[in-house]
Every structure is written in C-alpha cells, then in structure tokens.
Amino acid sequence: MKAICFYFQIHQPFRLKRYRFFDIGNDHYYYDDFANDDIVTRIAHNSYIPAAESLLHMIEQSEGRFRCAISVTGVALEQFEQYVPEFIDILKKLAATGKVEFLAETYAHSLASLTDPDEFAEQVKLHDEKIRLLFGQTPTVLRNTELIYCDELAPQIYSMGYKGVITEGAKHILGWKSPNYVYSAADCPALKLLLKNSKLSDDISFRFSNPEWDAYPLTADKYIDWIASTPPEEQIVNLFMNLETFGELQHRDSGIFQFLEALPRFAAERGIEFITPSEAVAKLKPVGELSVMHPISWADEARDTSAWLGNKLQREAFDKLYSVSERVRLCDDRRLKQDWNYLQASDHFFYMSTKHMADGDVHSHFSPYETPFQAFTNYMNVLADFIVRVEEQYPLSIENEELNSLLTTIRNQAREIETLNKEVNSMRQNIEHYNEEHRLREPKPEATEEVKEKKAPAKKASKKAAATAEEKPKRARKTKKEEPAKE
C-alpha cells in the first residue's frame with residue numbers, strides 16, 4: 001500500500017536591528033523587537049494558525065487516518081510564546097491527537113553540523129528538551145537545518161539515539177534512483193533515510209498558484225492521481241515543505257487551504273494512506289544504501305550548502321562565529337548563551353548570499369537588508385561586540401587546551417572548597433549539639449540558690465540547739481548556789 005509522509009517546517013529567526021560600528025562595546029542588545037513582533041504575528045495569523053486548524057480538521061474528518069509531522073525550531077517557539085501564545089495552544093492540540101509527530105532538529109536552526117559536532121549535539125539536545133516540555137513527545141527522527149546531510153553525520157546522528165533522518169532527494173545524489181523509497185545511510189546502515197520528493201513538494205510550495213505553469217490549476221484529485229500513478233513498488237512519497245506555504249507563500253484566495261483539506265478524501269478513494277516519519281522508519285525496510293559524500297540541502301538549485309557558505313563574506317562570518325564556540329559552551333552566562341543561540345540562525349548567512357537569477361530572487365525576498373553587503377556589515381558589527389563579551393570571560397589569547405586545563409582546575413578547586421565547607425558546617429553542628437547537651441546536664445543557677453537557701457536555716461538551728469545545751473548546766477549550777485542552807 002502506497003503511503004504519503006507529510007512534513008511541515010516552522011522557523012522564524014530573531015532579526016537583528018541596525019547595529020552600527022559605534023555601538024560595539026556600548027550596546028549589548030542586538031534585536032529588532034518591533035520587526036520580530038510584526039512579522040511573527042502577521043505570518044502566524046495569515047498562515048500558521050489557519051494551517052494548523054486545517055490539519056486538526058483533516059485529522060477529525062478522516063477519523064485519525066490523516067497524520068503528519070511538524071518540525072519547529074526552538075527560536076521560533078520562543079517567539080510564539082512571546083508574541084502569539086495562541087499558536088502554541090493549537091500545536092499542543094495537534095500533539096494531543098496522537099497523529100502529529102514532532103521532529104528533532106537544531107534549536108537555533110544553525111549550521112553547527114557543518115563545523116562543530118559538539119555544538120550540533122548540544123543544539124539538538126536543547127531542542128528535544130523544549131519539545132518534551134511543550135508537547136510531551138520525545139523525537140526519534142531528526143530533521144537537520146535545511147535538510148543538511150552527509151555520510152559524515154550519520155554515525156553521530158545514530159549515536160544520539162535517532163532511528164531516521166530526513167533529507168533532500170537531490171538528483172545529483174540519486175542519479176537513476178527514486179526518492180520514493182526508504183534508504184539506509186552508507187556509513188551507518190542502522191540509520192534510515194527519508195528523501196524529499198522535490199518535484200511533488202515544489203508543485204505545492206512554488207507552482208500551485210502560478211497561472212503560467214502547464215499543470216495549473218492544481219486540484220486535490222489531480223495531485224493524488226499523480227501519486228497513485230507512480231510505480232506500484234515505490235513505498236512512500238515524502239512531501240516536505242514550509243508550513244507558511246499555506247496562506248503566506250500561497251495566499252488564501254488561491255484555494256490552497258481547500259486543496260490541503262481535500263487531500264485525505266481523495267487519497268482514501270485511491271487506497272493511499274498517510275504515515276509519520278517514525279512510522280515509516282519502523283515499518284518500511286530500506287531498499288539499499290545511499291552515499292552522500294558532500295553535504296546536501298533543500299535550498300536553491302544546487303541543493304548544497306552554497307546558500308549559506310557560497311561566498312567569502314559568508315565564510316568569514318561563519319568562521320568568526322564558531323571560533324568562540326568552545327568558550328561559549330564553557331561559560332555560565334545565561335544572556336551570553338542566549339545571544340549565542342540567536343546569532344547561530346542560518347538566516348543571517350542566507351541574507352549575505354550574492355547569488356543571481358532565481359536563487360538570488362529567493363534570497364532577496366526573505367532578506368530585511370537592501371544588499372548582501374549590508375547584511376554582512378551589520379552582522380559582523382554585532383558579532384564583534386559579542387566576541388568582546390566572550391573575551392571578557394575567557395580571553396582569546398589563551399589556547400583552548402590551556403583554557404580547558406585552567407577551567408578543570410578551577411572546577412576541581414570549587415568542588416574541593418564545597419566539600420570542605422560541608423565538613424566545616426558539619427563540625428559546627430556537632431559542636432553546637434555537644435554544647436547544648438552539656439548545658440542541659442548542668443544544674444540551673446536558680447535551683448542552686450534555692451538549695452543553699454534551704455540548707456542555711458538548718459545550720460542556724462543547730463547552733464541555737466548547741467547554745468541551749470551549754471546554757472542548761474550553767475543555770476543548774478547557779479540554782480544550787482542560790483539555794484539557802486537548810487537548818
């Protein structure tokens with residue numbers, strides 16, 4: 001039985017304000033709160049909320065047969081909590097249905113997997129904790145930033161506990177192979193790969209409302225017919241796209257929501273089911289290994305990482321940022337770590353792209369800057385101030401190995417001091433307890449005085465008795481002398 005695996009991506013970066021060279025060292029707040037509030041709120045009400053409500057309606061109408069997956073970044077969730085908390089409530093309702101799976105990814109939508117394995121693992125762990133906290137799920141399938149993947153990442157992803165990973169069905173990787181199968185990773189056969197069907201996904205994301213497209217208008221029954229007509233031995237059709245496709249990239253008046261909600265009915269008529277990524281990984285067997293020697297992504301025509309690291313500006317900013325990654329991970333400054341997360345968002349490098357033609361149009365459409373050079377200058381000014389703050393805690397003149405050694409010594413000393421403090425506190429308590437017991441054993445001063453007072457009269461009485469005894473013989477002798485002689 002053929003299956004459709006729907007996956008929707010949600011991400012919004014913290015956009016930077018205009019940050020001048022003269023602000024370096026003077027202003028440590030980097031974000032355009034007004035723009036972030038305005039953009040996130042607008043997209044949420046135009047796209048995210050109505051799209052999520054459509055998904056809820058589809059689950060109810062199909063009696064649970066429709067199911068899908070959502071991947072939402074940690075930095076996006078922070079903004080929803082701040083600006084559009086009602087959208088978080090709808091996502092919780094989707095999670096409560098048991099038909100929507102939340103995927104793992106990097107918290108900051110970062111490119112850490114390309115340069116820093118430790119930071120990559122830390123980002124994914126942080127994101128998993130956020131998903132568990134909000135939605136009560138523990139992700140088992142990973143969706144790396146922008147579907148970035150290569151053979152080198154497979155062993156680490158599997159060692160982190162994930163059974164599957166979602167990536168792009170890039171033509172230069174697949175060759176004659178179809179993306180409509182489950183594959184295993186070349187460097188880690190236990191890890192399963194789910195590949196995006198680019199053609200069918202982009203028909204919805206980019207071509208749906210294009211009147212010049214030869215398949216326009218696209219209807220739900222026509223679309224399901226295309227899927228049903230694929231070779232019967234093909235297992236799964238992975239449809240991966242941004243959730244803002246619905247209502248933002250494709251406007252409401254294009255009929256995009258009606259198209260989406262009609263899909264489960266026509267799929268049921270043709271015997272096509274819906275499954276989540278974790279179900280696909282658990283149920284479907286890989287047809288073979290797939291080797292990806294160089295990183296791929298779902299961005300631009302090249303389907304590589306050139307969207308973020310394709311020119312000197314991007315690479316300089318990228319290298320400068322991750323040059324302090326180890327120092328930031330070692331620090332305990334909450335504000336510094338928060339800025340570290342926000343500055344890692346891949347969007348900042350995307351805005352610096354100098355590509356032209358169709359790819360360039362996409363980059364300029366999403367960029368808040370007039371030129372890539374303005375994006376680079378603004379980001380580097382912010383980064384310069386950030387690095388100054390990092391250096392104040394951990395000077396860059398100290399080598400990483402030396403810094404680690406010093407910090408280890410400091411931590412050991414801190415633990416030793418803590419142990420000694422506990423011992424001192426214990427000794428103080430013992431001494432206080434001993435003194436208290438000693439005080440309880442000693443007689444009270446008041447009681448001692450009463451005893452003395454009671455004993456004192458007894459002594460006086462004995463003295464009087466002795467004096468009386470001495471006086472009696474004396475009186476008797478006097479009496480004898482005074483008596484007259486008898487005649």
Handout entry: Worked verdict on Cys331 versus Lys337 for side chain to side chain contact (heavy atoms under 4.5 Å, CB included)
Key = CA-CA 8 Å; Cys331 82; Lys337 287 197 169 187; 4.0 Å; yes
Exercise for the section: For side chain to side chain contact (heavy atoms under 4.5 Å, CB included), just list the numbers for Val100 and Ile59, CA-CA rounded to whole Å, side-chain angles, deciding distance to a tenth of an Å, and then say yes or no. Expected result: CA-CA 9 Å; Val100 176; Ile59 293 170; 3.7 Å; yes
Exercise for the section: Apply side chain to side chain contact (heavy atoms under 4.5 Å, CB included) to Met380 and Glu316, showing your working. Expected result: CA-CA 9 Å; Met380 293 304 284; Glu316 181 179 347; 4.2 Å; yes
Practice task
Start with the C-alpha distance between Ile90 and Phe80, add both sets of side-chain angles, then the distance that settles side chain to side chain contact (heavy atoms under 4.5 Å, CB included), and finish with yes or no.
Solution key: CA-CA 11 Å; Ile90 297 176; Phe80 296 143; over 6 Å; no
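Taking the six-membered ring for Trp and the full ring otherwise, Tyr322 and Trp340 have centroids separated by under 6.0 Å. Between Phe6 and Phe8, the ring centre distance stays below 6.0 Å. Taking the six-membered ring for Trp and the full ring otherwise, Phe246 and Tyr48 have centroids separated by 6.0 Å or more. In this structure, the ring of His363 has its center no less than 6.0 angstrom from the ring center of Tyr351. For Tyr162 and Tyr158, the gap between ring centers reaches or exceeds 6.0 Å.
Between the NE2 atom of His348 and the CG atom of Asn378 there is a distance of 10.0 Å, given to the nearest 0.5 Å. Distance CD1/Ile88 to CD/Gln82: 12.0 Å, rounded to 0.5 Å. Atoms CD and OG1, from Glu101 and Thr140 in turn, are 5.0 Å apart once rounded to the nearest 0.5 Å. Interatomic distance, NZ of Lys99 versus OG1 of Thr276, reported as 9.5 Å (0.5 Å rounding).
Counting heavy atoms from C-beta outward, Gln12 and Asp347 have side chains that stay 4.5 Å or more apart. For the pair Tyr149 and Leu193, the minimum side-chain heavy-atom distance is below 4.5 Å. Under the 4.5 Å side-chain criterion, counting only non-hydrogen atoms from C-beta, Cys150 is not in contact with Met293. Here the side chains of Val382 and Leu343 are in contact, with some heavy-atom distance below 4.5 Å. At least one side-chain heavy atom of Glu392 sits less than 4.5 Å from a side-chain heavy atom of Val388. For the pair Leu239 and Cys5, the minimum side-chain heavy-atom distance is 4.5 Å or more. With a 4.5 Å cut-off on side-chain heavy atoms, Trp308 and Thr305 count as touching. With a 4.5 Å cut-off on side-chain heavy atoms, Asn425 and Lys422 do not count as touching.
Residues Asn242 and His11 have side chains that never bring a donor and an acceptor to within less than 3.5 angstrom of each other. Under 3.5 Å, the side chains of Arg15 and Tyr31 contain no donor-acceptor pair of N or O atoms. A donor-acceptor pair shorter than 3.5 Å can be found between the side chains of Glu261 and Ser54. With 3.5 Å as the limit, one finds no donor-acceptor pair spanning the side chains of Ser198 and Lys171. Between the side chains of Gln250 and Thr245, not a single donor N or O lies within less than 3.5 Å of an accepting N or O. Counting only N and O atoms by type, the side chains of Thr230 and Lys2 include a donor and acceptor under 3.5 Å apart. Side-chain N/O atoms of Glu289 and Tyr183 include no donor and acceptor closer than 3.5 Å. Asp23 and Tyr29 are not linked by any side-chain donor-acceptor pair at a separation below 3.5 angstrom, with hydrogens and angles left out of the test.
For the pair Arg303 (side chain) and Asp300 (backbone), a donor-acceptor distance under 3.5 Å is present. Of the possible donor and acceptor atoms, one in the side chain of Gln314 sits under 3.5 Å from a partner among the backbone N and O of Ala307. Using modelled atom types, one side-chain atom of Asp32 and one backbone atom of Ala35 make a donor-acceptor pair closer than 3.5 Å. When atom types are taken as modelled, the side chain of Tyr223 and the backbone of Leu200 share a donor-acceptor pair closer than 3.5 angstrom. Proximity of a side-chain donor or acceptor of Ser201 to a complementary backbone N or O of Phe240 within less than 3.5 Å is detected. The backbone N or O of Leu284 sits less than 3.5 Å from a side-chain atom of Lys192, completing a donor-acceptor pair. With hydrogens and angles ignored, the 3.5 Å screen pairs a side-chain donor or acceptor of Arg327 with a backbone N or O of Pro395. In this structure a side-chain-to-backbone donor-acceptor pair under 3.5 Å is missing from Asn210 to Phe206. Looking at Gln156, its side chain never comes within 3.5 Å of a backbone N or O of Leu153 through a donor-acceptor pair. Side-chain atoms of Asp304 do not come within 3.5 Å of backbone N or O of Ile296 as any donor-acceptor pair.
Arg335 CZ: more than 12 foreign heavy atoms inside a 6.0 Å radius. Counting non-hydrogen atoms of neighbouring residues, nucleotides and ligands closer than 6.0 angstrom, the NZ atom of Lys93 reaches no more than 12 such neighbours.
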Can you give me every donor-acceptor pair (side chain of residues 102-111, partner residue at least two apart or in another chain, under 3.5 Å) with its distance?
residue : atom : partner : partner atom : Å
Glu105  : OE1  : Ser71   : OG           : 2.4
Thr106  : OG1  : His109  : N            : 3.3
Thr106  : OG1  : Ser110  : N            : 3.1
Thr106  : OG1  : Thr145  : OG1          : 2.6
Tyr107  : OH   : Glu78   : OE2          : 2.4
His109  : NE2  : Glu146  : OE2          : 2.8
Ser110  : OG   : Ala112  : N            : 3.4

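The nearest pair of heavy atoms linking Leu147 to Thr167 is O-OG1, 2.9 Å. Looking at every heavy atom in both residues, Phe376 comes nearest to Leu313 through CE1-O, 3.3 Å. Taking every heavy atom of both residues into account, Asp27 and Lys17 meet most closely at OD2-NZ, 2.7 Å. Across Phe386 and Leu336, no two heavy atoms sit closer than the pair CE1-O, 3.5 Å. Nearest heavy atom pair, residue Phe208 against residue Leu218, reads CE1-O, 3.5 Å.
Checked options Gln344, His28, Arg389; the residue passing with Asp339 is Arg389 (criterion: side chain to side chain donor-acceptor pair (under 3.5 Å)).
Using a cutoff of 4.0 Å between basic side-chain nitrogens and carboxylate oxygens, Asp203 and Lys199 are scored as salt-bridged. A salt bridge is absent between Lys312 and Asp319; no separation between the charged side-chain nitrogens and carboxylate oxygens falls under 4.0 Å. Salt bridge annotation for Arg329-Glu119: present, with a cationic side-chain nitrogen under 4.0 angstrom from a carboxylate oxygen. The pair Glu81-Lys130 counts as a salt bridge, with a side-chain nitrogen and a carboxylate oxygen less than 4.0 angstrom apart. Between Arg67 and Glu273, no side-chain nitrogen of the basic residue sits less than 4.0 Å from a carboxylate oxygen of the acidic one, so the salt-bridge criterion is not met.
Sorted by first and then second residue, the side-chain hydrogen bond (donor to acceptor under 3.5 Å, both in side chains) pairs with a member in residues 35-44 read Asp37-Thr41, Arg42-Glu248; sequence neighbours excluded.
Qualifying salt bridge (Lys or Arg N to Asp or Glu O under 4.0 Å) partners for Arg428, counting only residues two or more places apart in sequence or in other chains: none.
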